[in-house]
Amino acid sequence: EYVLPTLINMYAECGDTRSAHAMFGRVPDGDCVVSYNAMITAAVRSSRPGEALVLFREMQAKGLKPTPVTLTSVLSACALLGALELGRWIHEYVRKAGLDSLVKVNTALIDMYGKCGSLEDAIGVFQGMESIDRQAWSVMIVAYANHSYGREAISLFEEMRKQGIKPDAVTFLGLLYACSHSGMVSEGLQYFDSMREYGIVPGIKHYGCVTDLLARSGQLEKAYKFIDELPIKPTAILWRTLLSACGSHGAVDLGKRVFERILELDDTHGGDYVIYSNLCANTGEWEEMNRVRKLMNEKGVVKVPGCSSIEIDNRVHEFFAGDARHPHARRMVDQVIEQLKLVGYVPNTSQVFHVEMGEEEKATSLRYHSEKLAISFGLLNTSPGTTLRVVKNLRVCPDCHSMAKLVSMLFNRQIILRDLNRFHHFEDGVCSCGDYCLKSYCKCSSYKSWYG
DNA sequence: CGAAACCTGA
C-alpha cells in the first residue's frame, strides 16, 4: 500500500506537518516501513533530526526492518546531529545486511563520517567503494573541505576529472569551500573562473564561497566590490559573511557600511547586531556599540542561542548558551572546574565570585564558557583509547587552542573540535590547519576575559 | 520513501 506514504510525503513537502502526522496515525498496525521512511525523510528534510531518530527507534521497537531508504535518511539525521556512535552502529548494520555495495548508502555514510568528525572513516568507506558516482566524489570533497584539507580536496577533484566524471555545482561548492577555509585564494578564484568551462552557472552559494575566500584572507574592499557588482541580487548571508570577516580583521569602518547594507535586506537577524557591536567594542567605538545595542532591542530581533552538542551512550545532548539546567551540563561544569584546579589552571576567581554574587549577566557568561569547556572535558573523560569526539559549534580561539593543548597533554589524546562548519584537529596542541585558522578565524576578546 | 550545498554570537 503506497497511497498513505505518498500522501505523508506530499503533506510533509508542503510543510503541513500536522496533516502528515494525521495520515501517519491512520497507518494500520503492523504498519509499513515505507510510511516510517516517509516520516523520517520529512523530519530530516525540515531539519528535525532528533524527531527522525525517535521515529527510527519506534520503528525498531515494532520490529520493522529498515530498508536502504531508512538507513540513508537516518544517516543524514546523524550527520546533522554529529551523532557518530549511532552512525557507526548504522554502518555495522549496513555491513551485516550486505547493503555496503549500494552507492547511495555509501555516500550517506561518507557524509555522516565527514560531518561527525571522522575523516578517516569517510576515506575508508570511499576507498572501499566499487563504483563511485559524481555525488560520492562530491561528498568526499566536501568532507575534506570541512576538515580544512584544501590540498587533498583539490587533488581529489583532479583525480575525479582524470577519471572522466563531470563535476557539478555541488562539487564546485565543496572545492571553493575547501579553498576559502585553507587560505588558498588564487586557487579558489581560478576554480571559480573555470566553472564556465564545465557549463555550470555560478549560483548564490558559489558567490558566497568566493566572498568568503576574499574576505577571510583580508581582501575586504575587494569582497565588498564583488558582492556589490554581482549579476544577481545578493542575500543578507553574503553581506554577513563579509561582516564576520570585518569582525576578525577589526575593520570597523567597512563593517559599518556592510552592516547598513544588511539592515536594508534583513534587520531581524540577531547575529548581525552581535557581530557588529562586538566589532565596535573591540575597536573602542563605544558610542556606536551602544547605538547598535539599542537598535537591536528596539527591533525585537530573533535571538537564537548558540548551541553545542555532545554524544554520550548513543544519545545526543544539546546545550544552549546560558542554559546550565541540563543535568549533563551541570555535572560537567563541576567536573571541569575540578579538572582545571588539578592542573593548576584555575578559573579567574573573581568570575566564580560573580556567580556566587548572583550577578546575572556575568554569571551567564561564565556558564556559557564553562559549558564549552565542560563539553571538551566531558567528552574526553569517556572511554580511554578513543581518539575522536565531536564538539559542535565550538568557536576556536587561541584560548581554546591552549585548552586543546592542555587537554591533549593531560589525556594524551588527539582531539577534534568542530565549529559551525569545519573541524580543527589538534594533536599535541597543534592544529592541523596551521596558523591560518587561528589568525583569521578567531574572535577571542570575549574568551580572553575568562581565561585571564 | 533515498544521499551532497554560502554566513553566524552574546
Side-chain angles (χ1 to χ4, degrees), chain A residues 2 4-10 12-13 32-42 44-45 66-77 79 102-112 114-115 133-143 145-146 168-177 180-181 202-213 215-216 227 234-245 247-248 262 269-279 281 293 296 301 303-307 320-322 361 364-365 367-369 393 395 419-421 443 446:
Chain A
Y2 283 81
L4 280 174
T6 310
L7 278 173
I8 291 171
N9 198 40
M10 187 201 81
E13 215 138 84
C32 68
V33 183
V34 187
S35 292
Y36 266 102
N37 288 352
M39 289 298 284
I40 292 173
T41 310
V44 172
R45 269 209 290 251
T67 67
V69 178
T70 325
L71 299 173
T72 48
S73 299
V74 172
L75 284 169
S76 185
L102 299 178
V103 180
K104 285 188 181 193
V105 173
N106 280 327
T107 308
L109 277 169
I110 294 169
D111 186 50
M112 180 278 296
K115 297 256 170 62
D133 64 3
R134 172 161 57 193
Q135 210 160 4
W137 281 102
S138 301
V139 167
M140 195 60 228
I141 289 172
V142 171
N146 281 333
D168 66 3
V170 181
T171 320
F172 272 99
L173 269 181
L175 199 56
L176 294 173
Y177 194 59
S180 80
H181 287 323
I204 191 76
K205 291 180 184 177
H206 299 97
Y207 293 131
C209 283
V210 174
T211 304
D212 197 49
L213 192 67
R216 222 180 263 276
I227 304 175
T235 56
I237 292 182
L238 259 63
W239 290 114
R240 189 171 302 137
T241 304
L242 179 52
L243 182 64
S244 123
S248 32
I262 294 178
H269 196 282
D272 299 326
Y273 297 82
V274 177
I275 299 168
Y276 181 52
S277 81
N278 284 349
L279 170 56
R293 291 262 154 106
M296 183 169 159
V301 298
K303 291 173 198 160
V304 182
C307 171
F320 291 90
E361 206 173 311
T364 305
S365 139
R367 277 205 296 272
Y368 184 74
H369 295 296
N393 291 8
R395 292 274 164 281
D419 71 25
L420 278 170
N421 295 308
K443 297 132 185 138
S446 57

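Here is the naming used below: chain letters follow the sequence lines, and residue numbers restart at 1 for every chain.
Nearest to the side chain of Gln135(A), among dC7(B), dG2(B), dA4(B), sits dA4(B). Among dA5(B), dC7(B), dC1(B), the nucleotide with an atom closest to any side-chain atom of Arg240(A) is dC7(B). With dA3(B), dG9(B), dC7(B) as the candidates, the nucleotide lying closest to the side chain of Ile275(A) is dG9(B). Each of dG9(B), dA5(B), dC1(B) was ranked by its minimum atom distance to the side chain of Leu173(A); first place goes to dA5(B). Of the candidates dT8(B), dC1(B), dC6(B), the closest approach to any side-chain atom of Tyr177(A) belongs to dC6(B). Here dT8(B) is the nucleotide among dC6(B), dG9(B), dT8(B) with the atom lying nearest to any side-chain atom of His269(A). In this structure, of dC6(B), dG2(B), dA4(B), it is dC6(B) that holds the atom nearest to the side chain of Ile237(A). Minimum atom distance to the side chain of Cys209(A) is reached by dC6(B), of the listed dC6(B), dA3(B), dC7(B). Listed nucleotides: dC1(B), dG2(B), dA4(B). Nearest to the side chain of Lys104(A): dG2(B). For Thr107(A), the listed nucleotide lying nearest its side chain is dA3(B); candidates were dA3(B), dC6(B), dA4(B).
Here dC1(B) presents its C1' atom at 12 Å from CE of Met39(A), a figure rounded to the nearest Å. Atom CG of Asn37(A) and atom C1' of dC1(B) are 5 Å apart (whole Å). What separates CG of Asp111(A) from P of dG2(B) is a distance of 16 Å, to the nearest Å. Atom pair Asp212(A):CG and dT8(B):C1' shows a separation of 11 Å (rounding to whole Å applied). In this structure, the CG atom of Leu109(A) is 14 Å from the P atom of dA3(B), given to the nearest Å. When rounded to the nearest whole Å, the span between CG of Leu75(A) and P of dA4(B) equals 11 Å. Between Ile40(A) atom CD1 and dC1(B) atom P the separation is 14 Å, expressed in whole Å. Regarding Asp168(A), its CG atom lies at a distance of 12 Å from the P atom of dA5(B), rounded to whole Å.
Looking at heavy-atom distances under 4.0 Å, Asn106(A) makes no contact with the nucleic acid at all. At a threshold of 4.0 angstrom between heavy atoms, the contacts of Leu176(A) with the nucleic acid are absent. Heavy atoms of Val170(A) sit under 4.0 angstrom from at least one base atom. At a threshold of 4.0 angstrom between heavy atoms, the contacts of Ser138(A) include nucleobase atoms, whether or not backbone atoms are also involved.
For dC7(B), one of the phosphate oxygens OP1 or OP2 lies less than 4.0 angstrom from a side-chain nitrogen or oxygen of His181(A). Note on Thr67(A): every side-chain N or O is 4.0 Å or more away from OP1 and OP2 of dC1(B). For dG2(B), neither phosphate oxygen OP1 nor OP2 lies less than 4.0 angstrom from any side-chain nitrogen or oxygen of Thr41(A). Dashed line: the shortest gap from a side-chain N or O of Lys115(A) to OP1 or OP2 of dA5(B) is under 4.0 Å. The side chain of Arg216(A) contributes an N or O atom lying less than 4.0 Å from OP1 or OP2 of dT8(B).
The only member of Leu71(A), Val74(A), Thr70(A) that meets side-chain contact (heavy atoms from CB on, under 4.5 Å) when paired with Asn37(A) is Thr70(A).
Using a 3.5 Å distance cut-off with no hydrogens or angles, the side chains of Ser277(A) and Arg293(A) do pair a donor with an acceptor.
Listed by chain and residue number, Ala79(A), Lys115(A), Val139(A) satisfy the side-chain contact (heavy atoms from CB on, under 4.5 Å) test with Asp111(A) (two or more places apart in sequence, or in another chain). The side-chain contact (heavy atoms from CB on, under 4.5 Å) test applied to Val142(A) returns Asn146(A), not counting sequence neighbours.
Side chain of His206(A) to main chain of Ala169(A): a donor-acceptor pair is present (N/O by atom type, distance under 3.5 Å, no hydrogens or angles). Ser76(A) contributes no side-chain N or O that, together with a main-chain N or O of Thr72(A), makes up a donor-acceptor pair within less than 3.5 Å.
Between atom CD1 of residue Ile237(A) and atom NZ of residue Lys205(A) there is a gap of 8.5 Å, rounded to the nearest 0.5 Å.
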